[in-house]
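Report on one structure; see the data block that follows.
Just so we're on the same page: letters track the sequence lines, and every chain starts at 1.
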Amino acid sequence: MEDYPAKQGTENLDDPPNSRLFVVASRSVTEDELRDSFSVFGDIQGVWVVKDKQTKESKGICYVKFSKSSQACLAMEEMHGKVLVDGTKPIKVFIAQSRSSTRHRDVEDEELTRIFVMIPKTFSEEDLKDTFKEYGDIEYCVIIKNKFTGESKGLGYVRYYKPSQAAVAIENCDKTYRAILAEPRTKAATTEEYSSGGTARGGEYMNAGDNMNQYAFPMADPGNYPVMDYRSGDFTRCLMMSTRAALTQEQIFALFDLIPGMEYCELQRDAYGMSKGHALIRYSNLGSAVYAKDKLNGFEYPPGNRLAVNFVDDGEDRSSPVGRMAMQFVATQMMSAVWNGPSTSQVMKPPGYPPVSQMSRVQTDVNLPPLKKLAPPDSKSKERLFVVFSPSPLPMDVLEDVFCRYGSLIEVHLVPGRKVGYMKYADKQCADDALAALHGRVVNGVKMKVMLADPPREESHKRPRTY
DNA sequence: CGACGGGACGC
DNA sequence: CGACGGGACGC
């Protein structure tokens with residue numbers, strides 16, 4: 001790529017997988033024009049227009065590398081079929097063929113909307129859907145079962161409508177689900193499975209000709225849903241924020257208002273007006289929502305309280321081309337300002353947070369020290385605690401609240417479907433302190449056994465991941 | 001007692 | 001239809 005550090009020229013093209021776009025455009029399109037129109041969708045690592053060796057003229061083939069697959073997918077969905085320069089042909093946008101791999105599968109027909117996950121055997125298809133719907137609209141969920149006994153094998157598929165949703169799920173879901181892109185089903189089986197209309201994939205889509213991106217979602221005829229119909233161009237501008245500590249409406253507003261374009265922010269309350277620990281935020285444009293999610297998901301506010309921010313469907317129609325152009329303009333300005341500007345911590349520093357009420361969400365016989373800041377998620381684990389709950393596991397947020405107070409907590413891990421969990425610490429002494437203080441104690445009526453965890457098994461003979 | 005991992009769809 | 005370049009930190 002033209003602006004790549006030389007070192008990464010060829011090695012990082014497919015890291016992470018499906019983060020690079022293959023763009024067919026007019027020969028007149030320049031790298032700068034591509035960068036301008038694609039930078040709205042994420043962090044561009046490189047843009048390259050393929051040119052003839054001798055004449056130096058563009059061949060109309062371009063590559064755009066993003067730092068994340070979800071950004072590349074989103075850009076593909078939004079930009080495919082767009083006219084970049086008046087009077088030129090609409091561009092075509094696909095996820096680029098992996099360069100390292102020798103096999104030459106046709107990526108245009110590649111399934112990018114179905115993920116493969118590992119789940120507790122107790123999960124129903126409804127549980128699966130409930131777990132993964134926060135990342136996007138789900139077409140269907142399937143659990144692999146023993147065909148005679150009907151018992152779950154602990155494996156499942158989740159089909160989204162759009163590649164960006166599948167990518168967001170893979171990037172953001174709990175690691176214990178081991179979410180990866182599902183391998184396409186075998187050719188023979190694909191024909192009449194999920195479409196009563198029985199249209200071959202790809203053909204119908206390509207016949208759309210110069211109206212590639214114009215045909216709307218076929219709401220009236222859900223039975224005839226070609227798999228490639230995700231390219232109709234919309235993505236949620238709405239975010240759901242979850243917080244463990246009780247935050248006020250004003251605090252949340254101030255935080256999300258740091259990203260330009262916020263037009264709605266409301267703390268969710270129950271029937272008694274108490275905070276439910278969630279807030280809905282909507283931005284005026286896609287770019288702002290993507291950016292806010294990227295920057296605020298995992299952000300600690302106040303320190304020690306890690307926020308979770310995810311997309312939610314707002315069910316709106318976002319197909320107005322005028323609105324999208326305005327969005328791209330604003331988002332481009334905003335992003336270049338922030339990305340080239342001061343560091344994240346400065347940008348995100350809120351104007352001083354008032355005391356966060358401890359809101360009796362944790363009842364315990366322990367005299368808890370105050371909340372402490374979490375260690376960064378990528379910290380090296382120096383000690384793990386193994387915790388057994390009786391009679392049933394405590395929620396993640398409560399555990400984080402309790403176990404972070406001895407310092408250096410990296411993350412809480414609950415084993416799905418079991419009554420045990422792991423607490424990962426960046427400092428051994430902190431872990432020991434937590435163990436000493438919390439072993440045998442009762443939190444919200446749940447008794448905890450707290451022990452040093454056995455070291456995790458060496459992972460060695462694992463087959464390489466398929467994506 | 002109470003343990004993380006693992007992996008594929010009736011063609 | 002429409003698939004992969006150029007150039008090189010500083011020990």
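When each of B/dC4, C/dC4, B/dG7 is scored by its nearest atom to the side-chain atoms of A/Tyr63, the top-ranked nucleotide is C/dC4. The side chain of A/Val388 lies closest to B/dG2 when the candidates are B/dA3, B/dG10, B/dG2. The side chain of A/Leu155 sits closest to B/dA8 out of B/dA3, B/dA8, C/dA3. Of the listed nucleotides (C/dC4, B/dG5, B/dA8), C/dC4 has the atom at the smallest distance from the side chain of A/Gln97.
Across the protein-nucleic acid pair, A/Phe22 atom CZ and C/dC1 atom P stand 12 Å apart, rounded to whole Å. In this structure, A/Asp52 atom CG and C/dG5 atom C1' are separated by 12 Å, rounded to whole Å. Distance A/Arg178 CZ to B/dC4 C1': 9 Å, rounded to the nearest Å. Between A/Lys92 atom NZ and C/dA3 atom P the separation is 11 Å, expressed in whole Å. In this structure, the NZ atom of A/Lys419 is 6 Å from the P atom of B/dG2, given to the nearest Å. Computed from coordinates, the A/Tyr177 OH to B/dC4 C1' distance equals 14 Å when rounded to whole Å. We find that NZ of A/Lys121 is positioned 11 Å from C1' of B/dG7, with the value rounded to whole Å. What separates NZ of A/Lys153 from P of B/dG6 is a distance of 18 Å, to the nearest Å.
The structure places CD of A/Gln165 at 10.0 Å from CG of A/Leu74, a figure rounded to the nearest 0.5 Å.
Side-chain atoms of A/Arg114 and base atoms of B/dC9 include a donor and an acceptor less than 3.5 Å apart. For B/dC9, its base sits under 3.5 Å from the side chain of A/Arg185 at one donor and acceptor pair at least.
At the heavy-atom level, A/Pro393 lies nowhere under 4.0 Å from the strands shown. No engagement by A/Arg27 is indicated, since no non-hydrogen atom pair under 4.0 Å with the nucleic acid exists. Among the heavy atoms of the strands lying under 4.0 Å from A/Val117 is at least one base atom, whether or not backbone atoms are also near. Residue-level contact check: A/Arg384 touches the bases, meaning some heavy atom is under 4.0 Å from a base atom.
An aromatic stacking contact between A/Phe386 and the base of B/dG2 is absent, as defined here by ring centres under 5.5 Å apart and ring planes under 30° from parallel. Under the stacking criterion of a centre-to-centre distance below 5.5 angstrom and an interplanar angle below 30°, A/Trp48 is not stacked against the six-membered ring of C/dC4. Remark: ring of A/Tyr422 does not overlap the six-membered base ring of B/dA3 in a stacked fashion, as centroids less than 5.5 Å apart with planes less than 30° apart are not both met.
Remark: the backbone N or O of A/Lys162 is not paired with any side-chain donor or acceptor of A/Glu77 at under 3.5 angstrom. In terms of modelled atom types and a separation under 3.5 Å, the side chain of A/Arg20 and the main chain of A/Gln97 share a donor-acceptor contact.
For A/Arg99 and C/dG5, the shortest distance from a side-chain N or O to OP1 or OP2 is below 4.0 Å.
Residues passing the side chain to side chain donor-acceptor pair (under 3.5 Å) test with A/Glu125 are A/Lys145, sequence neighbours excluded. Evaluation of the side chain to side chain donor-acceptor pair (under 3.5 Å) rule for A/Ser19 yields A/Lys65 as partners, not counting sequence neighbours.
Along DNA chain C, the nucleotide nearest A/Lys51 and the nucleotide nearest A/Val24 are compared for position; the residue whose nucleotide lies closer to the 5' end is A/Val24. Nucleotides of DNA chain C nearest to A/Lys89 and A/Lys53 differ in position, and the one nearer the 5' end is that of A/Lys89.
More than 12 heavy atoms of other residues, nucleotides or ligands lie within 6.0 Å of NZ in A/Lys373, so this atom counts as buried by the packing criterion.
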